[in-house]
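Only this structure's heavy atoms are used, side chains among them; waters, hydrogens and symmetry mates stay out.
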Amino acid sequence: MSPRRNRPQGGEKPDPQGDAGDRYGGSQRTESWQGEEWCVRHVAGASAPGKRYRCPGCDQEIPGGAPHVVAWPEYGGVEDRRHWHKACWNAKDRRTSRVQRSRNAPRH
């Protein structure tokens with residue numbers, strides 16, 4: 001029995017740069033929300049183990065390594081990116097506009 005080949009058989013070689021969506025473990029698309037365009041990327045979560053984010057939809061922590069969504073306004077910068085639970089992003093239109101936070105909870 002010969003060893004298994006894990007290399008591609010075709011003549012195409014994968015792009016080492018890759019697509020930005022592939023590099024972070026998910027696809028990126030644009031969605032319209034609150035009158036502006038938002039870039040939305042699904043993140044597998046494996047790229048940042050140990051990092052924790054606070055979901056603006058439910059104000060709960062997203063543990064490191066958990067799959068989630070990163071969204072930012074189309075013309076916003078890095079500081080405008082927010083990490084959401086997938087369910088919270090999908091329910092964003094059904095939530096109230098103001099999340100109640102405890103007095104000493106972080107804003108993001």
Side-chain angles (χ1 to χ4, degrees):
M1 180 185 239
S2 62
R4 185 175 154 201
R5 282 182 67 124
N6 288 327
R7 286 179 273 170
Q9 294 294 320
E12 326 178 353
K13 294 187 179 186
D15 182 10
Q17 298 293 329
D19 181 16
D22 292 339
R23 191 174 338 141
Y24 296 107
S27 60
Q28 183 173 324
R29 66 179 185 279
T30 304
E31 291 185 19
S32 184
W33 182 48
Q34 293 183 339
E36 60 181 316
E37 295 297 312
W38 288 71
C39 296
V40 180
R41 179 179 293 151
H42 290 273
V43 180
S47 62
K51 275 196 144 185
R52 295 175 182 231
Y53 303 102
R54 186 160 299 274
C55 175
C58 65
D59 198 37
Q60 299 296 312
E61 207 171 73
I62 301 172
H68 60 281
V69 173
V70 179
W72 64 95
E74 187 175 31
Y75 298 107
V78 174
E79 65 278 355
D80 296 324
R81 290 188 301 191
R82 296 293 174 258
H83 296 253
W84 296 67
H85 292 105
K86 287 181 183 181
C88 293
W89 176 256
N90 292 335
K92 65 191 174 298
D93 293 326
R94 296 188 300 267
R95 295 191 179 271
T96 61
S97 60
R98 186 79 178 132
V99 174
Q100 298 295 320
R101 292 182 173 83
S102 65
R103 188 172 300 161
N104 56 356
R107 299 253 336 136
H108 304 295

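- Shown here for Cys55 and Trp84, the closest heavy-atom pair between the two residues is SG-CA, 3.9 Å.
- Geometric assessment of Lys86 against the ring of Trp89 yields a negative cation-pi assignment under the 6.0 Å and 45° thresholds.
- Residue pairs meeting the side chain to side chain donor-acceptor pair (under 3.5 Å) criterion with at least one member in residues 68-81, sequence neighbours excluded, are His68-His83.
- In this structure, the side chain of Arg54 engages the main chain of Asp59 through a donor-acceptor pair within 3.5 Å.
- A distance of 10.0 Å separates SG of Cys39 from CD of Glu31, quoted to the nearest 0.5 Å.
- Residues satisfying the side chain to side chain contact (heavy atoms under 4.5 Å, CB included) criterion with Gln60, sequence neighbours excluded, are Cys58, His85.
- With sequence neighbours excluded, the residues satisfying side chain to side chain contact (heavy atoms under 4.5 Å, CB included) with Glu36 are Trp38, Pro73.
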